[in-house]
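Whatever order the structure lists them in is the order used to number ligands and atoms, beginning at 1. Note that the structure is predicted; figures quoted are calculated from it, not measured. What you see below is based on every heavy atom in this structure, not just the backbone, and it leaves out hydrogens, waters and symmetry mates.
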Amino acid sequence: MPRHELVTIDHHILESQKLHPEATGEFTNLLYDIALAAKIVAREVNRAGLVEILGLTGEENVQGEEVRKLDVYANETLIRMNEFTGRVCVMASEEDPDIIPAHPDGKYVLIFDPLDGSSNIDYNVSIGTIFAIFRRKTTGDSCSVEDCLQPGRALAAAGYVVYGSSTMMVYSTGHGVYGFTLDPSVGEFLLSHPNIRSPQPKYYSVNHAYVRRWSRGVQEYVKWLQGEGDDAPELSERYIGSMVADFHRNLLAGGVFIYPSDAKRPQGKLRLLYEAAPLGFLAEQAGGYVSTGRENVLEVQPTSLHHRVPVFVGDRRLVEKAEEFIQRYDVEGGT
Ligand code: P6P
C-alpha cells in the first residue's frame with residue numbers, strides 16, 4: 001500500500017504562498033481563518049440533529065427565504081472570524097442585505113454564502129459554505145460596496161466546504177484546485193484530492209420540474225443531455241437540490257450543473273458573487289467552464305451584491321453546447 005505524505009491544509013496554504021512572491025502572509029492567514037471557521041461550522045452541522053438546533057428562527061433573510069438556525073450560526077461564525085483580524089476590509093453574505101464593514105486596514109474582500117442548500121438541513125442532505133476572496137480596490141479610509149462588486153475574473157481565491165458523509169474543504173488560489181478532508185479526531189483538514197481535474201462527464205444536474213418555464217434553447221439542450229442527437233453524450237441525471245453537493249460530485253466525477261433562467265425567474269435563481277463566480281472559478285481551474293448561457297460568468301460585472309445569473313457550470317464541452325443551443329433557438333435577451 002503506497003504511503004501518502006500527510007499534508008494539512010495549513011501546510012498547503014503556506015506552501016502555496018511561495019507562488020505569490022508579493023504575498024505578505026495576510027492572504028495566507030485569511031485562508032487559515034476560513035479553514036478554522038469551516039471546522040467550527042462543521043462541528044455544529046454534524047451535531048444539528050442532536051442539539052435541537054434544527055428548525056426555523058422564524059425570521060426571513062434578504063432572499064425572502066426561511067432562515068434556519070444553522071444558517072445564522074454559520075453566518076455569525078464567518079463574520080466573527082474575519083471582522084477584526086485586520087486582513088479583511090469588507091464582507092458580504094447571502095444572509096445580509098448590505099455590506100458588512102470589517103477593518104479599514106484590510107487588504108481583502110470576503111464574500112460568502114454561509115450555508116447553501118440550507119433547506120436540506122432537516123433531511124440530513126449535504127449542504128455547504130461557499131467563499132470568494134477579492135483584493136480591495138478602493139483606497140479611501142474605508143471600503144465600500146464597490147470593493148465587493150468585482151467580476152469573477154478578479155478573484156484572488158475561491159472555495160467551498162461540503163458538509164456530507166465527511167467534511168471537505170476545496171479551494172483554489174488560481175494555481176489548481178485542492179481538496180482536503182477533515183479528520184475530526186485531530187481537527188485537521190488533510191490533503192485528500194491534490195490538483196483536481198474533472199474527468200470525462202458522467203452526470204448532468206438540473207431540476208426538471210421547471211421544463212415548461214425554460215426557453216426553447218434550454219429545452220432542446222436538456223433533451224440533448226438526455227441523449228437526443230447523434231453527438232449526444234451518455235449521462236446519468238443527479239440533482240440533490242444543494243448546489244455545493246451537486247457541484248462537488250460533478251467536479252470529481254465529471255458533469256454539468258445547470259440552473260437556467262426561466263419565465264418565472266428571468267435572471268435565474270443563483271447569485272453571481274457567492275455562488276456562480278466562486279464555483280465557476282474552481283470549475284475553470286479544474287479544466288471546465290462556466291457560462292450564463294450567453295457569456296462567461298467570470299466576465300460578468302456584478303451590479304448588486306445579490307445579482308442573480310443563469311448558471312451552466314462544469315465540463316467545458318457540455319457548457320459550450322448549452323451556449324450553442326441558446327444561440328440557435330433563443331432571441332438575444334430572452335429567457
Ligand atoms: P430548486 C438552494 O436553495 C439553492 O440555492 C442551491 O443550493 C440549489 O442548487 C438550488 O437552490 C435548488 O433550487 O429551485 O431546484 O429547489
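- Only side-chain heavy atoms of F257 come within less than 4.0 Å of ligand 1; its backbone N, CA, C and O stay farther off.
- For the pair D246 and ligand 1, the shortest N or O to N or O distance does not fall below 3.5 Å.
- Close approach of ligand 1 to L270 is summarised as follows: ligand atoms under 4.0 Å from at least one heavy atom of the residue are 5 (O).
- Checked by atom type, the side-chain pair R316/S198 shows no donor-acceptor distance below 3.5 Å.
- Salt bridge annotation for D262-R212: absent, with no cationic side-chain nitrogen under 4.0 angstrom from a carboxylate oxygen.
- The residue V244 has no part lying near ligand 1, judged by heavy-atom distances below 4.0 Å.
- Geometrically, R249 engages Y203 in a cation-pi contact, judged by NZ or CZ lying under 6.0 Å from the ring centre and within 45° of the ring axis.
- Under the 4.5 Å side-chain criterion, counting only non-hydrogen atoms from C-beta, H103 is not in contact with E83.
- Heavy atoms of D113 stay at 4.0 angstrom or farther from ligand 1.
- With Y274 as the aromatic partner, R271 does not meet the cation-pi criteria of under 6.0 angstrom to the ring centre and within 45 degrees of the ring axis.
- Salt bridge K321/E324: present, at least one basic N to carboxylate O contact under 4.0 Å.
- Heavy-atom proximity to Y259, at under 4.0 Å, picks out these atoms of ligand 1: 1 (P), 13 (O), 14 (O), 15 (O).
- The N207 neighbourhood of ligand 1 comprises atoms 1 (P), 15 (O), with distances under 4.0 Å to a heavy atom of that residue.
- Each of the atoms 6 (C), 7 (O), 8 (C), 9 (O) of ligand 1 lies under 4.0 Å from some heavy atom of M243.
- A salt bridge links R153 to E299: one of the charged nitrogens lies within less than 4.0 Å of a carboxylate oxygen.
- Ligand-side atoms of ligand 1 in range of G117: 2 (C), 7 (O), range being under 4.0 angstrom from any heavy atom.
- Using a 4.0 Å cut-off to heavy atoms of E275, the atoms of ligand 1 that qualify are 5 (O).
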